[in-house]
Amino acid sequence: MSEERSLNFLEEIVEEDIRDGKNGGRIHTRFPPEPNGYLHIGHAKSICLNFGLAQKYNGQTNLRFDDTNPVTEDTEYVESIKEDVKWLGFNWANELYASDYFDQIYAFALNLIRKGLAYVDDSTAEEIAAQKGTPTEPGTPNQYRSRSIEENIQLFEEMKAGKYPDGAKVLRAKIDLASPNMHLRDPLMYRIKHAKHHRTGDKWCIYPMYDFAHGQSDAIEEITHSVCTLEFIPHRALYDWFIKELEIFPSHQYEFARLNMTYTVMSKRKLMQLVKENHVESWDDPRMPTISGLRRRGYTPASIREFCERIGIAKRENIIDLSLLEFCIREDLNKTAWRRMAVLDPVKLVITNYPEGEGEILHGENNPEVEGGEGGRDIPFSREIYIEREDFMEVAPKKFFRLGPGLMVRLKNAYIIKCEDFVKDAEGNITEIHCTYIPESKSGHDTSGINVKGTIHWVSVPHAHTAEVRLYDRLFKVEDPASEEGDFKEYLNPESLHVITAYIEPDLATAIPGKGYQFIRKGYYTLDKHSTPGKLVFNRTVTLKDGWAKK
RNA sequence: UGCCUGAUAGUAUAAUGGUAGUACGACGGUUUUUGGUACCGUUUGUCUAGGUUCGAAUCCUGGUCGGGCAACCA
């Protein structure tokens, strides 16, 4: 039994269409990325929506690359997009490309010319812009608008044949230069670009514009519900106009509000800038909101799908709290991550009554959230251990349940210890803490009868391994960098990455790539893709919630 | 100042003329060998002014505010 959730407006539309027997009850969606950058969490929302809708209503989803602009597109992006969609857990019915339809779209264009509904315009880009008027003033026709059908056909064929240089001519739809909808003021259908296309190579030197490719591709694929974002609302009239005049399959366009998230930016153009100007390492830098960045950071597909489910689908502009994404990954990792101990900011602790040179092997379960603990691992213990510097206070406040002169804590999976003394250097830094342990308090065999409030993590000094640990924080220091004054890059968070060396328990040396680990009391971590057995590198996915830090 | 859109707690999202609910956040508590998790509780909302109606977040009218539209980008 699945929990009841009210339908979003698109599900309502789909259910109504099914009830009405529209398209024989068939549901076919598509996810249509342009291969000119990497997918981000905003695309994940669209992917979950499009694939989710089809899944829920027994339909299919095509992956269609909107590759109509050869100068910005590349197969590198095609590959990354396919990988990301698969990784998110979705299977497309067909892998398609708008460029597969170039012949068909060209025929559509000729068709419109023959109907007297399209013409070749020799004006420059500037002239066309000027002649379009403004939102409050109608556009003005030029001499090319009244060219004969025959002349238009000949010129368009010559454009295709490569007779003209880039920008010399365009093909325009002849609609209404006075329309209050700017998109209907004789929109461009084709432009000349003598550029090598990542799939069609040099076959074409004219390429259709988005408005004369997207809807046509939808029609060719008989997409029933073409879902896009709000900024395409004014394009819908044009989308419908082409369907009517071309008499092609009547796909219908629906719009929803794109995802925005606090402390990041969500435009491919801006993300591209961060990469190109080296503000981040790459598209998959773990600070990036890209799917590949989140993956490298340690986010799971399930957590991202859950996030997309929780944010909902509506038509109003929105900005989602980053904390919701963090909630989703914590929720997932809490259930699946294996617990391990790592000391990120170490200070040495000596257990003075523990025999020198001796040690023992303790046991810790992998995951307390799972019945039986999902197995466990050995943890070596000895007289000298590292603990977290912040777990000791020389002058401890009332509710500090950790170490300080005279205070007792439990060492996770080990003994209860009592702080007897500490050593400071000339600058006043704590360099060593001296404790005694209570032998009867061993984890699992505690007969001491002592109850302590706090438990801290630790790593045995002689057994400790080291690892580089990358502590990531939000990429920007303001909630909505795109809406701030000036360049968004001025708001980058200089603290977004701290690289440290940490002491880790030996078992972590065999950490599995792609798996999430909880460093107890600190956060969730995963191996970076550049980690090697000789030099371990962990990325912090997200911290644990810290109720104490807030006080 | 044209056209298109939208407006419900801090942030999202429901309620489809009939008790304004849920999640995240925040705050407080219980449990706990993770100050985590789990569980419980508290907090804050229908943009505004009219109208229709027994009854309006919902329908109507005016206003206010937000977003989009004048790329040979998608």
Side-chain angles (χ1 to χ4, degrees), chain A residues 5-8 12 32-34 36 66-69 71-73 121 123-125 128-130 132-139 166-172 179-185 188-193 206-207 209-211 213-214 228-237 255 257 262 268-269 307 310-328 330-331 334-335 339 341 364 368-369 399-402 409-414 416 441 443-444 446 451-457 479 518-523 543-551:
Chain A
R5 195 207 77 207
S6 51
L7 303 178
N8 63 50
E12 282 179 1
E34 185 192 9
N36 68 347
D66 238 333
D67 55 350
T68 58
N69 186 0
V71 303
T72 58
E73 296 156 6
D121 193 327
S123 308
T124 64
I128 288 176
K132 275 195 183 180
T134 69
T136 53
E137 300 161 280
D166 288 7
K169 287 176 164 47
V170 292
L171 182 71
R172 289 226 257 171
S179 172
N181 182 344
M182 296 298 290
H183 295 274
L184 259 21
R185 316 247 268 225
L188 271 63
M189 293 165 59
Y190 267 92
R191 76 287 218 195
I192 301 170
K193 276 183 195 282
I206 57 172
Y207 293 92
M209 299 288 291
Y210 165 84
D211 284 310
H214 195 102
C228 62
T229 47
L230 256 28
E231 67 269 28
F232 290 96
I233 289 177
H235 293 249
R236 192 173 63 231
E255 310 86 10
T262 54
K268 273 196 272 188
R269 202 193 100 251
F307 173 75
R310 281 172 179 267
I311 57 179
I313 301 292
K315 299 190 73 150
R316 55 187 106 93
E317 302 282 342
N318 60 81
I319 182 159
I320 308 284
D321 274 341
L322 176 62
S323 62
L324 181 61
L325 215 212
E326 294 183 336
F327 168 84
C328 292
R330 286 190 186 111
E331 183 188 44
N334 177 51
K335 285 183 286 199
R339 272 56 172 179
M341 292 197 283
E369 298 296 315
K399 292 204 167 163
F400 186 74
F401 304 134
R402 308 181 199 177
V409 287
R410 168 167 300 275
L411 295 173
K412 179 75 181 171
N413 296 126
I416 292 173
S441 67
S443 223
D446 190 347
N451 243 332
V452 291
K453 198 83 177 154
T455 301
I456 64 173
H457 58 281
E479 285 203 344
Q518 186 196 102
F519 290 1
I520 290 174
R521 299 207 308 137
K522 297 310 293 181
T543 61
L544 248 32
K545 274 176 69 177
D546 187 351
W548 172 253
K550 282 182 290 205
K551 293 174 187 170

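Letters go in sequence order (proteins before strands), and every chain restarts at 1. These values consider heavy atoms only, across backbone and side chains, with no hydrogens, waters or symmetry-generated copies.
A:N69 places a side-chain heavy atom less than 4.5 Å from the side chain of A:R191. A:H214 places none of its side-chain heavy atoms less than 4.5 Å from the side chain of A:F232.
Look at A:T136 and you won't find any side-chain N or O under 4.0 angstrom from OP1 or OP2 of B:rC3. Within the 4.0 Å cut-off from OP1 or OP2 of B:rA23, not a single side-chain nitrogen or oxygen of A:R5 is found. Here A:R191 reaches the OP1 or OP2 of B:rA74: one of its side-chain N or O atoms lies under 4.0 Å away. An OP1 or OP2 oxygen of B:rC73 is reached within less than 4.0 angstrom by a side-chain nitrogen or oxygen of A:K193.
Put simply, the side chain of A:R521 and the base of B:rU34 share no donor and acceptor less than 3.5 Å apart. A donor-acceptor contact under 3.5 Å links the side chain of A:E369 to the base of B:rG36. Judged by atom type and distance alone, A:Q518 reaches the base of B:rU34 through a side-chain donor-acceptor pair under 3.5 Å. In this model, no side-chain donor or acceptor of A:R316 finds a partner on the base of B:rG67 within 3.5 Å.
Judged by Watson-Crick or G-U wobble contacts below 3.5 Å, the nucleotide B:rG45 has no partner. The base-pairing partner of B:rU33, taking Watson-Crick or G-U wobble contacts with both distances under 3.5 Å, does not exist among the strands shown. The base-pairing partner of B:rU11, taking Watson-Crick or G-U wobble contacts with both distances under 3.5 Å, is B:rA23. Within the shown strands, B:rC40 is the pairing partner of B:rG28 under the Watson-Crick or G-U definition, both distances less than 3.5 Å. When both pairing distances are held under 3.5 Å, B:rC59 makes a Watson-Crick or G-U pair with B:rG51.
The CG-C1' distance, from A:L322 to B:rA12, rounds to 14 Å in whole Å.
Rounded to whole Å, the P atom of B:rU30 lies 48 Å from the corresponding atom of B:rG6. Spacing of P atoms, B:rA20 relative to B:rC24, comes out at 23 Å, to the nearest Å. For the P atoms, the distance from B:rU58 to B:rU48 is 11 Å, rounded to whole Å. Rounded to whole Å, the C1' atom of B:rU46 lies 14 Å from the corresponding atom of B:rU13. Here, B:rC4 and B:rG62 have their P atoms 13 Å apart, quoted to the whole Å. For the C1' atoms, the distance linking B:rA12 with B:rA70 amounts to 33 Å, nearest Å. Comparing B:rA57 with B:rA15, their P atoms are spaced 15 Å from each other, to the whole Å. Spacing of P atoms, B:rG17 relative to B:rA74, comes out at 42 Å, to the nearest Å.
Residue A:I520 is classed as a base contact, given a heavy-atom separation below 4.0 Å to a base. A:R339 comes within 4.0 angstrom of a nucleotide base, judged by non-hydrogen atoms across all strands. A:L544 comes within 4.0 angstrom of a base, heavy atoms only. Note on A:I456: nothing from the nucleic acid sits closer than 4.0 angstrom, heavy atoms only. A:F327 comes within 4.0 angstrom of the backbone, heavy atoms only, and of no base. Within the nucleic acid shown, A:T134 comes within 4.0 Å of at least one base atom, counting heavy atoms only.
Toward the 5' end of RNA chain B, the nearer of the two residues A:H214 and A:N318, judged by each one's closest nucleotide, is A:N318. Comparing A:N8 and A:K522 by the nucleotide of RNA chain B that holds the closest heavy atom to each, the one mapping nearer the 5' end is A:N8.
Stacking of A:Y210 onto the six-membered ring of B:rA74 is not present when judged by under 5.5 angstrom between centres and under 30° between planes.
Between A:H235 and A:H183, the ring-plane angle classifies as tilted under the 30° and 60° cut-offs.
Atom CG in A:L188 sits 8.5 Å away from atom CG in A:L171 (nearest 0.5 Å). The distance from atom CZ of A:R236 to atom CG of A:N181, rounded to the nearest 0.5 Å, is 10.5 Å.
You'll find that the side chain of A:H235 is closest to B:rA74, out of B:rG35, B:rA74, B:rA14. The nucleotide whose nearest atom lies closest to any side-chain atom of A:D321 is, among B:rC24, B:rA70, B:rA71, B:rC24.
Counting only N and O atoms by type, the side chains of A:D121 and A:S123 include a donor and acceptor under 3.5 Å apart.
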